[in-house]
Amino acid sequence: RTRRHLEKGRRRIGWLIAAGAVAAAVAAWTVASRVEPAQFVPASVTRFTMALPSGRHLPAENKPVLALSDDGTQLAFVAAGDATAQQIYLRAMDRTDAVPLPGTEGAVVPFFSPDGQWLGLIADRKLKKISIQGGTARVLADVANPQGASWNGHTIVFASDLSVLLQVPDDGGAPQAMTRFDGGELAHAFPRFLPDGKSVLFAALTASTPPGIVGQRLDSGDRRQLVSGQDGRMPAYLASGHLIFAQGNKLMATTFEGSRLTGASVAVPVLEDVYSA
């Protein structure tokens, strides 16, 4: 029975990841216009078309392949070619061209450091970091089957195969469990630190129910089920006071007080026909 549950969990994890992570910043205006926040002034909408480098394409990976820096000025993405290894490209959002970042060959799951000066990635079953200026990628930890990562302060949290979330210092070390399984859960995925650095959001997967969104305090370990029974994936927090997450081809939103992990109510769609990448 346990083996069947694990195999079922693996199949669902592959479907859940859907090749990436939702970029929360670009949805702020839409969320604000559909769900009334408290005293929130939305930023202007930014729209652009991204042309991949000649001969390159987004890889057919069941892994995150896009990342936006916290300040919204840099985009990192994984691109592959028919005859060359995939690697990470960087694009400044005030430019139209993207440049390859040497030392990131074979990488998936790009994610930025809080200051935007470093890029985390996973390649060769290793969690690594590399300066956005280039150089040698530094190995931080082993990763079996990456399912998302997030960086806050000097700590990186990542999801590895059918496991709880793991954390490691951003200068490397032995990974330690950050979360715990509860109520028949098989895996935790898509971690995202909240801005205060005191809590983390993630998707919790069981063998029998749609994945839900959970918030957990890092100091006490207290956790709250924020979204249940709604196929919640790729959670993110907006400064407008909303929790957004992917559900199929929709971007959903609900009111949310991140500092207290409270306020999540009925979620409403704010964008449809969204590819979660």
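Model, not experiment: these values are computed from the prediction.
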Between [X] and [Y], which heavy-atom pair has the shortest distance, and what is it?
{"X": "Arg125", "Y": "Ala144", "value": "NH1-O, 3.4 Å"}
{"X": "Asp170", "Y": "Gly153", "value": "OD2-O, 3.6 Å"}
{"X": "Ala159", "Y": "Pro191", "value": "CB-CD, 4.2 Å"}
{"X": "Ala80", "Y": "Gln86", "value": "CB-CB, 3.5 Å"}
{"X": "Thr155", "Y": "Gln167", "value": "CG2-OE1, 3.9 Å"}
{"X": "Val109", "Y": "Pro146", "value": "CG2-CB, 3.8 Å"}

Please confirm whether the backbone N or O of [Y] pairs with a side-chain atom of [X], one donor and one acceptor, at under 3.5 Å?
{"X": "Thr206", "Y": "Glu185", "answer": "no"}
{"X": "Gln133", "Y": "Gly135", "answer": "no"}
{"X": "Arg56", "Y": "Ala79", "answer": "yes"}
{"X": "Gln216", "Y": "Met178", "answer": "yes"}
{"X": "Arg233", "Y": "Gly212", "answer": "no"}
{"X": "Arg91", "Y": "Val99", "answer": "no"}
{"X": "Thr104", "Y": "Ile88", "answer": "yes"}
{"X": "Ser150", "Y": "Arg192", "answer": "no"}

Student check: side-chain heavy atoms of [X] and [Y] closer than 4.5 Å:
{"X": "Val157", "Y": "Leu166", "result": "no"}
{"X": "Leu243", "Y": "Pro235", "result": "yes"}
{"X": "Leu140", "Y": "Ile156", "result": "yes"}
{"X": "Leu165", "Y": "Phe158", "result": "no"}
{"X": "Leu121", "Y": "Val108", "result": "no"}
{"X": "Phe245", "Y": "Phe190", "result": "no"}
{"X": "Lys129", "Y": "Trp151", "result": "yes"}
{"X": "Leu58", "Y": "Leu52", "result": "yes"}

How about Phe181 and His188: are their ring centres within less than 6.0 Å of each other?
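Between His188 and Phe181, which both carry aromatic rings, the centre distance is below 6.0 Å.
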So that I can tick it off, tell me whether Glu257 and Arg224 are bridged by a salt bridge, with the cut-off set at under 4.0 angstrom between side-chain N and carboxylate O.
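No, no charged N to carboxylate O under 4.0 Å.
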Short N-O contact, Lys126 and Asp124, less than 4.0 angstrom
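No, no charged N to carboxylate O under 4.0 Å.
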Under a 3.5 Å threshold, yes or no: a donor from one side chain and an acceptor from the other, between Asp161 and Ser163?
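Ser163 and Asp161 do not have a side-chain donor-acceptor pair below 3.5 Å.
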Out of curiosity, [X] [atom1] to [Y] [atom2], how far, rounded to the nearest 0.5 Å?
{"X": "Asp222", "Y": "Leu261", "atom1": "CG", "atom2": "CG", "result": "9.0 Å"}
{"X": "Phe112", "Y": "Ser69", "atom1": "CZ", "atom2": "OG", "result": "5.0 Å"}
{"X": "Ile122", "Y": "Lys128", "atom1": "CD1", "atom2": "NZ", "result": "10.5 Å"}

Show the numbers, then the answer: is there a side chain to side chain contact (heavy atoms under 4.5 Å, CB included) between Ile244 and Val270?
CA-CA 9 Å; Ile244 64 171; Val270 293; 5.5 Å; no
Phe193: what forms a ring-ring contact (aromatic ring centres under 6.0 Å, His included) with it, not counting sequence neighbours?
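Counting only residues at least two positions away or on another chain, Phe193 forms no ring-ring contact (aromatic ring centres under 6.0 Å, His included).
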If hydrophobic clusters are built from ILVMFWY residues whose side chains come within less than 4.5 Å, do [X] and [Y] share one?
{"X": "Leu68", "Y": "Leu101", "answer": "yes"}
{"X": "Val214", "Y": "Leu226", "answer": "no"}
{"X": "Phe77", "Y": "Leu119", "answer": "yes"}
{"X": "Leu218", "Y": "Val168", "answer": "no"}

Distance-only donor-acceptor hits, side chain of residues 194-204, under 3.5 Å, sequence neighbours excluded:
from, atom 1, to, atom 2, distance (Å)
Asp196, OD1, Lys198, N, 2.9

Heavy atoms from other residues, nucleotides or ligands near CZ of Arg180 exceed 12 (cutoff 6.0 Å):
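Correct, the count exceeds 12.
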Please report the C-alpha distance between Val268 and Met252 in whole Å, then the side-chain angles of each, then the deciding distance to 0.1 Å, and finally whether the side chain to side chain contact (heavy atoms under 4.5 Å, CB included) criterion is met.
CA-CA 5 Å; Val268 298; Met252 308 292 291; 5.6 Å; no
Would Phe256 and Tyr237 satisfy side chain to side chain contact (heavy atoms under 4.5 Å, CB included), going step by step from the backbone distance to the final call?
CA-CA 8 Å; Phe256 178 57; Tyr237 172 75; 3.5 Å; yes
Would you sort out whether Leu271 and Lys250 count as a side chain to side chain contact (heavy atoms under 4.5 Å, CB included), showing the intermediate values?
CA-CA 6 Å; Leu271 283 177; Lys250 298 178 181 179; over 6 Å; no
